[in-house]
Student: 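The structure's right below; bear with me while I get my questions together.
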Amino acid sequence: MKILVINSGSSSIKYQLIEMPSEAVIAKGLIERIGSKEAKISYQKSDFKTHKVLEIRDHQTGLMQINQLLMDDEIGVITNKDDIEVVGHRVVHGGKSFSETAVVTPQVKEAIKNLSALAPLHNPHNLKGIEVAEKVFTKAQQVAVFDTAFFQSLPQKAYQYAIPKHLMEEQDIRAYGFHGTSHKYVSEKAKTHLKSQNQSASKLITIHLGNGCSMTALKDGLAIDHSLGFGPANGLIMGTRAGDIDQSVIFYLINQLGYSPDEVNELLLKESGMLGLTGHNDMRDIQKKAEEGDKNCQIALDMNAYRIKKYIGAYAAALNGLDAIVFTAGIGENSALLRDIVCKDMDVLGLELDTDKNAKRTNHVNEVSSAHSKAKILVIPTNEELEIAKQAFEIASR
Ligand code: ADP
């Protein structure tokens with residue numbers, strides 16, 4: 001079964017055509033700057049790569065361009081667009097209604113639309129992706145895979161905020177969680193790996209460090225706590241987001257320094273985090289500068305690692321033990337330095353890194369803990385598109 005996975009953003013569409021159940025990636029690519037005269041579409045099948053720059057007015061034109069490339073006589077991979085039986089869509093917010101992947105119906109679309117208030121930067125664009133895919137791939141089944149669904153297992157004590165409870169009951173103000181497809185994917189990989197070695201995989205912590213960053217505590221495969229909450233702002237220090245911060249700072253900025261609420265929101269989401277601390281948000285630049293002696297970059301790395309360390313401690317307490325921690329996503333998979341700082345002096349939790357193993361980059365499950373480490377330290381490349389394809393395949397095969 002050929003499944004087209006689509007991640008539709010405000011001016012971009014990421015796509016992958018995946019054969020299931022073999023999990024082979026047939027073709028993939030990205031459209032950027034939709035709405036401009038100089039939009040860019042890239043396309044890759046096995047070792048062959050190409051891109052073109054052209055006007056792409058809207059998402060529908062973009063998806064039609066993708067379809068043209070997939071069906072191209074020379075470089076295409078399908079002969080008929082109906083070969084695509086399922087289109088799997090990433091949808092960021094499924095609120096409390098969606099605990100599972102859903103086949104798209106008018107009711108599902110209405111619910112995604114209504115949840116836009118909770119995820120204004122994502123849900124409207126995800127919905128747009130669904131609507132245009134329905135027009136372009138008329139025969140395909142459309143499936144919505146929600147980032148939040150994986151966190152439906154959080155217990156109330158973890159998702160409720162200590163504010164008047166009618167705000168949760170009547171206004172749905174509570175923690176939902178994000179990056180669910182990534183946490184699910186790597187936790188399942190970790191479980192398979194640990195089981196193959198007759199190790200327990202009951203108490204896991206997954207650490208997703210990309211531009212956005214989050215951590216999940218998992219007991220027996222189910223999420224029991226998570227660092228992101230109502231929006232994508234809580235928890236770890238991210239590329240441009242502050243993560244945990246005393247709310248008094250917000251009111252000081254507004255009441256004493258004259259910031260508007262929108263300006264504070266912009267400050268905390270787009271101008272803070274590693275960018276606010278160092279002037280850079282790309283971890284590669286920050287690491288390089290830190291090595292060259294830049295003090296701001298050194299302290300920013302220490303702060304970043306310290307925040308992760310504190311969450312590991314908190315989650316190990318919540319789990320009453322620890323079998324493994326898993327690093328994933330751009331920084332988690334590539335930054336040996338950050339993993340090293342995080343795992344230093346963690347023997348209290350049975351964590352000990354093997355420096356040589358940690359320095360190596362692999363494309364599969366990489367165990368980087370030492371032979372003495374009681375809990376394992378794993379580096380696992382995430383693959384959110386494949387996870388979406390797996391879930392879409394499962395529901396389409398029922
Ligand atoms: P997104 O959340 O956009 O999917 P990614 O998972 O691709 O993000 O992660 C992006 C981050 O990964 C960037 O901060 C980038 O600097 C970092 N990164 C990528 N490669 C490396 C590397 N070799 N060393 C350190 N950081 C890296």
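Numbering of ligands and ligand atoms starts at 1, following listing order.
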Student: What is the nearest protein non-hydrogen atom to atom 25 (C) of ligand 1, stated with its residue, atom name and distance?
Tutor: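 Ranking protein heavy atoms by distance from atom 25 (C) of ligand 1, first comes R284 CG, 3.8 Å.
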Student: Please check whether D282 reaches ligand 1 - meaning an N/O of the residue sits under 3.5 Å from an N/O of the ligand, judged on distance alone.
Tutor: yes
Student: Looking at atom 4 (O) of ligand 1, what's its closest protein heavy atom, distance included?
Tutor: K14 NZ, 4.8 Å
Student: Salt-bridge test for E131 and K135: reply yes if a basic N is under 4.0 Å from a carboxylate O, no otherwise.
Tutor: no
Student: Measuring centre to centre across the rings, with the benzene-like ring taken for any Trp, is F151 within less than 6.0 Å of H226?
Tutor: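 Yes: the rings meet the under 6.0 Å criterion.
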Student: Please test H125 against S8 for side chain to side chain donor-acceptor pair (under 3.5 Å), starting from the C-alpha separation and ending with a verdict.
Tutor: CA-CA 6 Å; H125 310 300; S8 171; over 6 Å; no
Student: Which atoms of ligand 1 are found less than 4.0 Å from any heavy atom of M283?
Tutor: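 Answer for ligand 1: 14 (O), 16 (O), 26 (N).
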Student: What I want to find out is whether E85 reaches K2 closely enough, with some N-O distance under 4.0 Å, to be called a salt bridge.
Tutor: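 Salt bridge: no.
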Student: Determine, counting only non-hydrogen atoms of the protein, whether one lies under 4.0 angstrom from atom 8 (O) of ligand 1.
Tutor: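 Flag for atom 8 (O) of ligand 1 set to true, protein heavy atom closer than 4.0 Å.
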Student: May I ask you to say whether E387 pairs ionically with K184, meaning some side-chain N is under 4.0 Å from a carboxylate O?
Tutor: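 Looking at E387 and K184, the cut-off is met.
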Student: My understanding is that we take every heavy atom of each candidate and find the minimum distance to atom 17 (C) of ligand 1. Doing that for I331, N334, N211, which one comes out nearest?
Tutor: I331
Student: Is the gap between the ring centers of H93 and Y176 under 6.0 Å?
Tutor: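 Between Y176 and H93, which both carry aromatic rings, the centre distance is below 6.0 Å.
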Student: Which residue and non-hydrogen atom of the protein lie closest to atom 18 (N) of ligand 1, and at what distance in Å?
Tutor: G330 O, 3.7 Å
Student: Contact between ligand 1 and N281 is defined here as a heavy atom of the residue under 4.0 Å from a ligand atom; is it met?
Tutor: yes
Student: Does R90 come within less than 4.0 Å of D147, counting only side-chain N to carboxylate O?
Tutor: yes
Student: Looking only at distances, can you tell me whether any N or O atom of G210, backbone or side chain, sits closer than 3.5 Å to an N or O atom of ligand 1?
Tutor: no
